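Working notes, structure below.
Atom set for the values below is all heavy atoms of this structure, side chains included, hydrogens, waters and symmetry mates excluded. All residue numbers in this chain count up from 1 along the given sequence. Computed from a predicted model, the values in this text were never measured in an experiment.
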Amino acid sequence: MRETAYAKINLALHVRTRREDGYHELETLFAFVEAGDILTARPAGRDEIAVVGEFANGLDNPFENLVAKALSVLPRSEGLAMTLEKNLPVAAGLGGGSADAGAVFRIVRDRHGLPDDWSARAAKLGADVPACVESRTCIGRGTGTELEPLDDTSLEGLYCLLVNPRVPLSTGPVFRAWGGEDRGPLPSGTARDIALAGRNDLQAPAISLCPAIAGVCTALDETNPLLQRMSGSGATCFALYESAQACEEAAAQIAEAHPGWWRMQGALRW
């Protein structure tokens, strides 16, 4: 059994207000890239987890990561021995752990089925996890767990380049640095319309904590994308292109100018 934990990006992320429970009321447009971490699994007498890959060292205790936690909330008649190939940087605004958990849900669904309350179980693991289970373009509201599918094809044929300056940036400090101004809801229209007219309200506070993000955005802007923006709470930024060739050329341009930065590219799922 093999699943890709598709990289999550926020094509738009509007922060509306701070809630009394400490969370924030959000409106976001989730999208997913045809690339990410890789999970492989085989039946076993008990659950086992191994972590390999470039960013394996970012997970100090594999049994505290979201793969283990996802396995713990899904009833099954057998254990699963899983290997997580960690290709996505940690604390990078790509929902890496949530994407890993979503892939676990899909593996269990295909082999055993999911309980009727799977969405609630996923939400308890993290606000992005329910969206990552399906890994399809959708709008998230509330803390991001109230999902509204978008059944349009306006993102079809777009390619995404992800770039990270190799600086981890935790979500909590970025939200705390948000100024508290409600700048309005997501725009209406197709997913493409929303992405182009939307914004990321966490980009400015993230740059205040990690100035390297501004340099990534500038470098991506110089590749003439359809859109460039920071994803989630950073520090990863993305750029969208109309063709695979344009995306390849942009990736080569970034690699030549900034060889130390992390990069990943792939088609947008829709």
* **Criterion side chain to side chain contact (heavy atoms under 4.5 Å, CB included) on Val33 and Met264, from CA distance to verdict** => CA-CA 9 Å; Val33 182; Met264 180 177 280; 5.7 Å; no
* To do: Step by step, work out the side chain to side chain contact (heavy atoms under 4.5 Å, CB included) result for Cys237 and Val163.
  => CA-CA 5 Å; Cys237 301; Val163 179; 5.5 Å; no
* Taking all non-hydrogen atoms of both residues into account, name the closest pair between Ala91 and Ser170 and its distance. => CB-N, 4.4 Å
* Does Arg229 use its side chain to pair, donor to acceptor, with the backbone of Gln203 at less than 3.5 Å? -> no
* Asked: Between Thr137 and Asp152, does a side chain to side chain contact (heavy atoms under 4.5 Å, CB included) hold up when you go through it step by step?
  -> CA-CA 9 Å; Thr137 304; Asp152 69 70; over 6 Å; no
* So, for Ala197 and Pro187, which heavy atoms are closest and what is the spacing to 0.1 Å? -> CB-CG, 3.8 Å
* Checking Arg16 side chain against Leu26 main chain: does a donor-acceptor pair fall under 3.5 Å? -> no
* Going by an N to O cut-off under 4.0 Å, is there a salt bridge joining Asp100 and Lys86? -> yes
* To do: Mind checking the OG1-NZ spacing from Thr145 to Lys124? Nearest 0.5 Å is all I need.
  => 12.5 Å
* To do: Kindly say whether Gly184 contributes a backbone atom to a donor-acceptor pair with the side chain of His14 at under 3.5 angstrom?
  => yes
* **Side-chain donor or acceptor of Arg106 paired with backbone N/O of Ser135 under 3.5 Å** => no
* Does a donor on one side chain and an acceptor on the other come within less than 3.5 Å for Thr190 and Asp193? -> yes
* Answer yes or no: does atom CZ of Arg19 have more than 12 heavy-atom neighbours from other residues, nucleotides or ligands under 6.0 Å? => yes
* Asked: Closest heavy-atom contact between Arg18 and Gly180?
  -> NH1-CA, 3.9 Å
* Asp37 side chain to Asn87 backbone, donor-acceptor under 3.5 Å -> yes
* Pick out which of Leu162, Val167, Ile9 makes a side chain to side chain contact (heavy atoms under 4.5 Å, CB included) with Thr236. => Leu162
* Going from CD on Gln228 to CD on Glu222, what distance comes out if it is rounded to the nearest 0.5 angstrom? -> 10.0 Å
* Asked: Roughly how far, to the nearest 0.5 Å, is the CG atom of Leu71 from the CZ atom of Arg76?
  -> 5.0 Å
* Is there a path from Leu114 to Leu147 through hydrophobic residues (I, L, V, M, F, W, Y) whose side chains come within less than 4.5 Å of each other? -> no
* **Single-linkage hydrophobic cluster Val67~Leu80, side-chain heavy atoms < 4.5 angstrom** => yes
* Decide whether Leu227 and Leu94 are clustered together by the hydrophobic rule: side chain heavy atoms of Ile, Leu, Val, Met, Phe, Trp, Tyr closer than 4.5 Å, transitively. => yes
* Asked: Charged N to carboxylate O below 4.0 Å: is that the case for Arg111 and Glu3?
  -> no
* Residue Glu148 excluded, over 12 heavy atoms near CD under 6.0 Å -> yes
* Please round to the nearest 0.5 Å and tell me the distance separating atom OH of Tyr241 and atom CG of Leu226. => 10.0 Å
* **Point-to-point distance, once rounded to the nearest 0.5 Å, from CZ of Phe32 to OG1 of Thr4** => 13.0 Å
* **N/O donor-acceptor pair under 3.5 Å between Ser231 side chain and Asn10 backbone** => yes
* Spell out, yes or no, whether Leu66 and Ile38 are grouped together once hydrophobic residues are joined by side-chain heavy atoms under 4.5 Å, including indirect joins. => no
* **Expected output: side-chain Asp128 to main-chain Ala131 donor-acceptor under 3.5 Å** => no
* Structure fact -> Heavy atoms of Pro75 and Val73 approach each other most closely as CD-O, 3.7 Å
* To do: For the pair Glu249 and Gln253, evaluate side chain to side chain donor-acceptor pair (under 3.5 Å) and give the outcome as yes or no after the intermediate values.
  => CA-CA 6 Å; Glu249 291 172 353; Gln253 181 175 325; over 6 Å; no
* To do: Take atom CG of Asp117 as the centre, draw a 6.0 Å sphere, and report whether it contains more than 12 heavy atoms from other residues, nucleotides or ligands.
  => yes
* Asked: Any idea how Phe55 and Trp262 line up, ring-wise: parallel (<30°), tilted (30 to 60°), or perpendicular (>60°)?
  -> perpendicular
* To the nearest 0.5 Å, what is the distance between CG (Asn200) and OG1 (Thr28)? -> 8.0 Å
* Linking I/L/V/M/F/W/Y whenever their side-chain heavy atoms sit closer than 4.5 Å, directly or via other members, would Trp261 and Met230 fall into one cluster? -> no
* Passes side chain to side chain contact (heavy atoms under 4.5 Å, CB included), Trp118 versus Val108? Steps please. -> CA-CA 11 Å; Trp118 69 264; Val108 173; over 6 Å; no
* Short N-O contact, Arg109 and Glu134, less than 4.0 angstrom -> yes
